[in-house]
Amino acid sequence: MVHHRLAETAMTRLLLAIDEHWPTRPECAWVLLGPDGQPLSEGHSAPRHWPAADECTVVLTGAQCLWLDVLLPRGARRDLPRLLSYALEDRLLKDPDTQHLTLTHRRPADDGERDIAGVLVISRERLRAILSQFAAIGREPRRVVAELQTAPVDQAGWHLSLSASSAVLRTSLASGLALDRDVLIPLLSAQAASARAANTAPAQLDLHQAPGGPASDLTTLESDSGLSLRPAAPYLWWQGNTQAASNLLHGEFAGRGQQTAWFGKLRMPLALAASAMLVWLLATVGEVLWQGHIQAGLESRIERVYRSTFPNGPVVAPAAQMRQQLNIERARHGLLRDDDALALLAQVAEALGTDATDGIVALRYEEGRLDMTLSGPAGRRAEAMIGLLTSRGLLANLRQESGTTHLLLRRENPQ
């Protein structure tokens with residue numbers, strides 16, 4: 001059954017409470033949180049009834065994870081997996097290599113030479129099976145955390161959180177223990193006895209019970225454990241700080257869920273960049289089309305001028321034909337053509353400036369082509385002035401022979 005509270009928002013997180021029977025029993029408790037961390041909807045159902053969300057977080061309930069403190073020698077970070085496996089060899093029933101280990105905290109030990117490290121332990125096979133099932137249904141989580149870390153706790157004392165399927169005892173900010181609900185009282189009593197032996201027993205135990213959960217024999221629990229029970233806020237599994245809890249998705253399990261999360265963060269910047277690129281592309285295409293329109297207009301105007309000036313001549317390349325006719329008229333009137341040697345030499349001298357003095361060693365002009373031999377500053381500057389000559393409608397080529405620079409220049413024929 002699903003209870004809806006608020007309307008759909010832009011950013012949502014789906015929290016899923018996965019117990020040790022999932023996915024054999026596919027139903028699980030879930031809560032859809034809005035950007036303010038408040039529930040938009042909640043329920044208990046199979047995956048096909050889960051609501052859509054921007055990201056997904058899995059909370060592994062009960063004893064699927066084990067939270068241990070181990071002593072580690074101080075070493076390089078790259079040695080941490082090996083050191084953890086070695087430290088856990090006598091603490092686990094199975095080979096540490098079959099377990100996925102997640103470091104939760106690390107602090108100096110009293111001897112000053114070692115560290116006390118908190119480690120979350122879960123079967124690799126179990127975590128792999130969970131992630132494979134989520135991948136199959138298209139709901140790859142961004143985070144997988146342990147209820148041992150998200151259950152209520154503070155620095156004042158012990159907290160016991162009871163839900164329909166799990167019992168979590170938090171004895172400090174850096175410790176948590178899953179207790180079997182069927183034997184809750186003897187297990188809690190044993191924990192209290194151990195704490196009294198170490199002179200670390202709390203003055204009282206805060207009890208958090210989930211709404212609608214099975215009733216507990218509080219009188220027997222209090223008398224057998226020797227702890228003073230104090231009713232505390234109801235246990236709502238989704239209220240824990242899942243963002244601050246250690247993410248089990250690292251190492252071999254750091255897959256597409258995290259990549260998708262990074263992409264989600266970059267989605268808006270990428271969309272803005274794509275929009276800007278599209279605007280730039282459209283502007284560039286528009287400018288090219290406009291320049292093409294202007295060029296077509298100029299060519300059309302040149303053709304009209306040529307036809308009106310030379311009505312009986314064929315029109316092939318109006319600009320080149322008009323320049324050719326202009327050069328013919330200049331020659332008839334004793335004026336320089338624009339491809340004469342002196343006209344070309346004037347362009348080079350203007351481009352070279354003062355470097356032209358004593359820089360032109362030899363000249364040869366033939367059929368509109370001026371071949372110059374340059375030396376000194378003029379030869380060194382020749383390559384730099386090619387662009388300037390080209391912008392003036394000249395074709396310039398350079399070649400090196402026997403330590404001298406040869407510049408071949410001619411007037412470009414406009415098309």
Side-chain angles (χ1 to χ4, degrees), residues 1-19 22 26-61 65 102 104-105 120 130-131 133-135 137-154 159 161 163-164 166 168 170 173 176 208 210-212 232-250 253-276:
M1 184 176 181
V2 180
H3 311 281
H4 292 279
R5 266 192 49 186
L6 300 176
E8 186 179 10
T9 61
M11 187 66 181
T12 53
R13 281 196 306 136
L14 179 64
L15 268 60
L16 301 164
I18 300 299
D19 63 19
W22 195 90
E27 296 81 10
C28 75
W30 56 262
V31 171
L32 182 65
L33 300 181
D36 58 354
Q38 297 304 309
L40 303 176
S41 60
E42 57 182 307
H44 188 280
S45 61
R48 65 179 180 275
H49 298 301
W50 294 346
D54 295 303
E55 60 183 58
C56 175
T57 297
V58 170
V59 179
L60 297 178
T61 65
C65 292
T102 302
T104 61
H105 62 273
L120 281 172
I130 291 173
L131 295 179
Q133 188 63 35
F134 271 95
I137 63 178
R139 289 279 194 155
E140 292 181 275
R142 176 184 175 186
R143 299 177 61 82
V144 175
V145 300
E147 186 185 25
L148 299 180
Q149 276 195 298
T150 61
V153 68
D154 59 30
H159 290 253
S161 300
S163 66
S166 66
V168 175
R170 298 293 303 274
L173 296 175
H208 306 265
Y235 179 45
L236 301 177
W237 64 271
W238 51 266
Q239 282 188 332
N241 192 350
T242 57
Q243 298 297 94
S246 300
N247 190 3
L248 304 186
L249 297 182
H250 61 87
F253 297 105
R256 289 181 295 174
Q258 292 180 325
Q259 296 170 7
T260 302
W262 277 108
F263 180 76
K265 294 180 180 180
L266 295 175
R267 181 169 50 189
M268 184 59 69
L270 288 175
L272 292 175
S275 299

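The figures that follow rest on heavy atoms only: side chains count, while hydrogens, waters and symmetry mates do not.
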Q: For R13, enumerate each residue passing the side chain to side chain donor-acceptor pair (under 3.5 Å) test, keeping only those at least two apart in sequence or located in another chain.
A: T242, Q243

Q: Taking all non-hydrogen atoms of both residues into account, name the closest pair between V168 and A151 and its distance.
A: CG1-CB, 3.7 Å

Q. Checking R143 side chain against V59 main chain: does a donor-acceptor pair fall under 3.5 Å?
A. no

Q.
According to side chain to side chain donor-acceptor pair (under 3.5 Å), who are the partners of E27, at least two apart in sequence or on a separate chain?
A. none

Q | side chain to side chain donor-acceptor pair (under 3.5 Å) partners of S166, counting only residues at least two apart | A | E147, S163

Q.
Under the rule for side chain to side chain contact (heavy atoms under 4.5 Å, CB included), what residues qualify as partners of P234, not counting sequence neighbours?
A. P211

**Q.** Shortest non-hydrogen contact between P47 and I137, atoms and distance
**A.** CB-CD1, 3.8 Å

Q | Backbone of W50 reached by a side-chain donor or acceptor of R139 within 3.5 Å | A | yes

Q. Shortest non-hydrogen contact from W30 to H49?
A. CZ2-O, 4.2 Å

Q: First locate atom CZ of R142, then atom CG of N247, and finally report the distance between them rounded to the nearest 0.5 Å.
A: 8.5 Å

Q: Identify which one of T150, V145, I130 satisfies the side-chain contact (heavy atoms from CB on, under 4.5 Å) criterion when paired with L60.
A: I130

Q: Return the minimal non-hydrogen interatomic distance between M11 and D54, and the atom names on each side.
A: CA-OD2, 2.9 Å

**Q.** H105 vs L173 side-chain heavy atoms within contact, under 4.5 Å
**A.** no

Q.
Measuring only between side-chain heavy atoms, which start at C-beta, is R170 closer than 4.5 Å to S161?
A. no

Q) Where the side chain of T61 meets the backbone of I18, is there a donor-acceptor pair that is under 3.5 Å apart? A) yes

Q) Given side chains that start at C-beta, do those of C28 and D19 come closer than 4.5 Å, heavy atoms only? A) no

Q.
Within the structure provided, determine whether L249 and L131 are in side-chain contact (heavy-atom separation under 4.5 Å).
A. yes

Q. Residues two or more places apart in sequence or in another chain: which of them pass ring pair (Phe, Tyr, Trp, His ring centres under 6.0 Å) with W22?
A. F134

(Q) List the residues meeting side chain to side chain contact (heavy atoms under 4.5 Å, CB included) with V31, not counting sequence neighbours, and say none if there are none. (A) L33, P39, E42, W237, W238

Q | Qualifying residue for side-chain contact (heavy atoms from CB on, under 4.5 Å) with V144, from L248, L16, T57 | A | L248

Q | Atom pair CG/OG of L14 and S41 - distance to nearest 0.5 Å | A | 8.0 Å

